[in-house]
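These values consider heavy atoms only, across backbone and side chains, with no hydrogens, waters or symmetry-generated copies.
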Protein chains: 4
Amino acid sequence: MQDLINIGVIGYGYWGPNLVRNFSEIPGAQVRTVSDFKPELLAKAQTRYPTLKVTTDYRDILKDPKIDAVAIATPVSTHFDLALAALQAGKHVLVEKPMTTSSEQAMRLIEKAQRRNLVLMVDHTFVYTGAVRKMHDLITTKVVGDIYYYDSVRVNLGLFQHDVNVLWDLAVHDLSIMDYLLPYKPYAVSATGISHVPREPENIAYLTLFFENNLMAHLHVNWLAPVKVRRTLIGGSQRMIVYDDLEPSEKVKIYDKGITLNSNSAESVYQMLIGYRAGDMWAPHLDMTEAIRTEGLHFIDCIQQGDRPISDGEAGLRVVKILEAATQSIKRQGRLIELNTTEVAV
Amino acid sequence: MQDLINIGVIGYGYWGPNLVRNFSEIPGAQVRTVSDFKPELLAKAQTRYPTLKVTTDYRDILKDPKIDAVAIATPVSTHFDLALAALQAGKHVLVEKPMTTSSEQAMRLIEKAQRRNLVLMVDHTFVYTGAVRKMHDLITTKVVGDIYYYDSVRVNLGLFQHDVNVLWDLAVHDLSIMDYLLPYKPYAVSATGISHVPREPENIAYLTLFFENNLMAHLHVNWLAPVKVRRTLIGGSQRMIVYDDLEPSEKVKIYDKGITLNSNSAESVYQMLIGYRAGDMWAPHLDMTEAIRTEGLHFIDCIQQGDRPISDGEAGLRVVKILEAATQSIKRQGRLIELNTTEVAV
Amino acid sequence: MQDLINIGVIGYGYWGPNLVRNFSEIPGAQVRTVSDFKPELLAKAQTRYPTLKVTTDYRDILKDPKIDAVAIATPVSTHFDLALAALQAGKHVLVEKPMTTSSEQAMRLIEKAQRRNLVLMVDHTFVYTGAVRKMHDLITTKVVGDIYYYDSVRVNLGLFQHDVNVLWDLAVHDLSIMDYLLPYKPYAVSATGISHVPREPENIAYLTLFFENNLMAHLHVNWLAPVKVRRTLIGGSQRMIVYDDLEPSEKVKIYDKGITLNSNSAESVYQMLIGYRAGDMWAPHLDMTEAIRTEGLHFIDCIQQGDRPISDGEAGLRVVKILEAATQSIKRQGRLIELNTTEVAV
Amino acid sequence: MQDLINIGVIGYGYWGPNLVRNFSEIPGAQVRTVSDFKPELLAKAQTRYPTLKVTTDYRDILKDPKIDAVAIATPVSTHFDLALAALQAGKHVLVEKPMTTSSEQAMRLIEKAQRRNLVLMVDHTFVYTGAVRKMHDLITTKVVGDIYYYDSVRVNLGLFQHDVNVLWDLAVHDLSIMDYLLPYKPYAVSATGISHVPREPENIAYLTLFFENNLMAHLHVNWLAPVKVRRTLIGGSQRMIVYDDLEPSEKVKIYDKGITLNSNSAESVYQMLIGYRAGDMWAPHLDMTEAIRTEGLHFIDCIQQGDRPISDGEAGLRVVKILEAATQSIKRQGRLIELNTTEVAV
């Protein structure tokens, strides 16, 4: 039998309590210490988990030789320093998304983890939902066929953030899902956006991602919408998918719809004959396990087996690169920005 | 009492029958002649309206001195020649949207109509719906406040066209609605798109419109979507609107939601305090008169009174200019294209 | 080749024009004459179909030896007299629903048609829709399993009728669908209802139908509802169906959901073990042919082949019997009324 | 300042934890002791609330002189004995719904509470939601006008209960809401239902409630439905309401729709002229405070002020009487059962 993996959680604000609850409940792991600089949050943690150690100094976690892994749930601007220190202290790391505020930082973390042979995982939570995993199956088993487009809308009346624009807050979800689902990686982006509050980052943004292989993706994110929408359309040569995360159970619908191209006719020298196809729709039953549980089990398993996580540092880096490029493109009103595709050297 | 306005209709394919039916039913007008180059369509018209004259040669309409006005419902590539000939023949003109295939052509029609003192109207049908007119009221009476954004999605599994991309087919609706609703005109566009059929125009397109005055607009159009969506979000400083044209009756919903900015605090030197506001929603009762009827009455009225139509040649031109610029931008992967704002000289 | 079936249509109000249009377009039939006592309606028919004969006296239709079949689209109170006269004149009959105002009348029409060897069909239109035919397939092929219940809601703000209660106007649709879909016939009813207009028939009604075989049905109809609802739930031992006629395309959804009963356990002497099952949902593609066309073809075919229609006089009679019994039950506040199951003697 | 009200909670299964959490958070109250006969549930309570006393014997709560009030969250069959014992011990009582298994029991509890001058409150939770309180305002301020009907559907694939039929599990919610909202009380019921599991209580039921004053109510409850529905229609002479509890925020929609009756015409001797009215719809912003919190505050307030709760013992009794009568009516296939309107003598 494996030893228990001891976890330290840094940050007990919005997401931290979910991490603590979850790692407390999965076999093979236990939360040893929680740190936060607000004592009242620690008191809350203590009440709920009387055996837990708490501290206002995260370095107590890094210094503790009994702690194997650290989960970081602090503001994005602190991710890099905390994750780097944790890796340096020899801890496996699970860090909130977005991984870092720059691709430069992300690359340094990847390098450090590789050198120390530690697991570096980014908390791309949606990748571990039943809905996204089902879509992954549908795509890898060719049910969808060649993918033509990926289009997502993620809008609501949400909390305006002061340090990052809406892409870093909302599009990060779609980018992490796309990174997992799509068989190709984008080579360039064009983005537009606007801020409605003086001196604040953009609260609306539109992002087009260019791919080779006849594929295009587009994201629409907005903190100032009257209604909440979480809807993705995926078009393929064989099927099309509507993924609506607000549906209580039928989140993924697969449509046997599309076009058929016929080039065997005489006309086809200059024009394809396009046929239209409309068949059944079905909504597969989804695994409703909480994503954070599936993700936590995967993190523990990667540590124990020495495996690479699905949402590893490279995945986190790819997402950050796109966010960086898109933010640049917005400033230049849609100017095409190529994604530097050079992978981190190791 | 005014004399009846005699109408000739050129083109009896998809939209022509609606024009004939409508002008037959409104007071003050009558349809005298229909032309189409397909005799079987003319036979259909004849059966339905036994007193109607039919001809395969549209010039019979232009030559007929009893005909006051011509409605043109033919493919867009023929609009310019037919409208120009009709104006030269001294007929008032109602032409299908998009008005022409180039802004150059549109300007020449405007000039011709002005010189001959004839009504030139573009069939921007949505402008005459109860839903759009209600939104116009809400905007002009400042219920919405300053407009922050206009975002529209118009997608479905639709007929792929071979001569124009999806913007000219679908976005033309949104552009004509925006032209009527928004108090400002865009100064530049950035657009992206993709074609999934070799050698055919783009079947998916995304278009951002840049305005002065803290306003941005975005359109998403797609011929290859698994579901039909017709949804527009309009964000304002006082209210936000959701306009869903697929709703059978509650097409326009007004949300008393948004943000409030407070700059009176000490902190405000560098940061606005943002408050969030959520109040009632209401869906006003809409006039359900068929848009084409309201539009037909307006056309007749403009002829009789010598008035300028809401959807006049200038409106048609502004829409065509945006379509031209967007098509250019798509080819350059989102490159910003400024809209030449020089109005036609008269 | 068969001779054309010549049709006379009596009544050109709401439904008559649909019958005329439809019989004009299907092969094997043609409409020869239309009668209505309102000359302005006949003028309308004449304009649309110049070769049609029109008359204000329906007896002209009955006397015309060239006419083979009569379609009756008049108020329900006149159905019996007109259908009886038509049968006596040797014409096949298609009569609007409800067939008659009493089961006594319905039985006399059945008897007359049988004696004269004529086709007697009731216009149970919904039975001929793609949605209902698909559900019929799902039920007869045992996809649904044993049927547990049938529950329908049909409400909206509708035209209050002065001569019949809301059951005769709205529930007649559900009863005709149920008569076609369900493998059993009800033996008794209990109904409740209320009128909100003095001296007028009930504008809201609830109807429970009792069956042998562990099956129950319930209908809710209402002329005074703020929203339009057309939704039927069908529960079965293997699958459950939601049929929503207001959905534009996915009208029929099949849920692989339900309970499983296990009586093999020791506990089962006094209690079944109930398990819950939740699987995929699917929405089959439906034939979107207009129901009235499918129905018209079936009527012509029955005349030509001497077949019995799906919605024959017996089906019409069963529906009328239930409406009669339910109306009685309403007056007695839900009192159980047995359906006299004696079939008409021939 | 008032002394803290000390609460004992009996039952820590499904609902008990909500009561403990809630009474722990509201000012003026604290939970002193929790009892449950399952030690593992008590261990859970202890972990979460380390200062809490726990016991497997509820009599420890009744004997504790420091405890002022008892909340009972146990199976319905135990409500009467536990509530009676608590009242005899001089404790104020909050008991889960349905209040008891018979009206006889409910009357005895009311009598006991009155004699001892103790607060007896039934946990009719929905009455304390923002949605139901808003509808109460709309009805009492005559926005809705005279109420014509109340129609509710509450169905889903739910846990089959073995001791009571679906009415006692689901309709109890609607009956408690109606008891609060409607200005009149029903005088009789007619109900139908069916069980699909041998020797088990009905899993589907339909219940009509008869009122004086031109009002009727109907409930549809079902444990075996493929979809979850929680929708109530309330028709009034001035407005109509749709209350959909599954809507995330716009749960209550008010329609300015209906009929108008005109009896001033000559025709009106025998027939009303009915007009149809369709105006705006609006969805008021709702107080989203958790209902159990509002309810807990109300319970504490009633104890401190000696007030009568909104959902007092009489309300609980009226609901139980209807459930009793409806269960009888089901056995007799819809037979009208009058509600004994004799109030409890005190």
Quick check on [X] against chain D: is it the side chain, the backbone, both or neither that has a heavy atom closer than 4.5 Å?
X      : value
C/Y206 : side chain
C/I204 : side chain
C/S195 : backbone
C/I194 : both
C/Y276 : side chain
C/V189 : neither
C/I234 : neither
C/I259 : both

Check your understanding: What orientation do D/Y149 and C/H196 show, parallel under 30°, tilted 30 to 60°, or perpendicular over 60°?
Key -> tilted
Review point. Can you find a side-chain donor-acceptor pair between D/D169 and D/W223 that sits under 3.5 Å?
Key: yes
Point to revise | Distance-only polar pair, side chains of D/T101 and D/W168, donor-acceptor under 3.5 Å | key: no
Exercise for review: With a 4.5 Å cut-off on heavy-atom pairs, point out which of C/N214, C/L336, C/T208 contacts chain D the most.
Suggested key: C/N214
Revision key, fill the gap. Per-residue tally against chain D (heavy atom, under 4.5 Å) across C/R335, C/M216, C/H218, C/M240 peaks at C/H218
Does any backbone or side-chain atom of [X] lie under 4.5 Å from a heavy atom of chain C? Answer side chain, backbone, both or neither.
X      : answer
D/N222 : side chain
D/Y148 : both
D/L157 : side chain

Practice item. Could you tell me whether the side chain of D/K134 and the main chain of D/G130 form a donor-acceptor pair under 3.5 Å? Key: no
Revision key, fill the gap. dist D/L286:CG -> D/E247:CD (nearest 0.5 Å) comes out at 11.0 Å
Study note, to complete from the structure: CZ of D/R231 to CZ of D/R154, rounded to nearest 0.5 Å, is 13.5 Å
Exercise for review: Look at C/D244 together with C/K251 and state whether they make a salt bridge at an N to O cut-off of under 4.0 Å.
Suggested key: no
Practice item. Please say whether more than 12 non-hydrogen atoms of neighbouring residues, nucleotides or ligands are located less than 6.0 Å from CZ in D/R332. Key: no
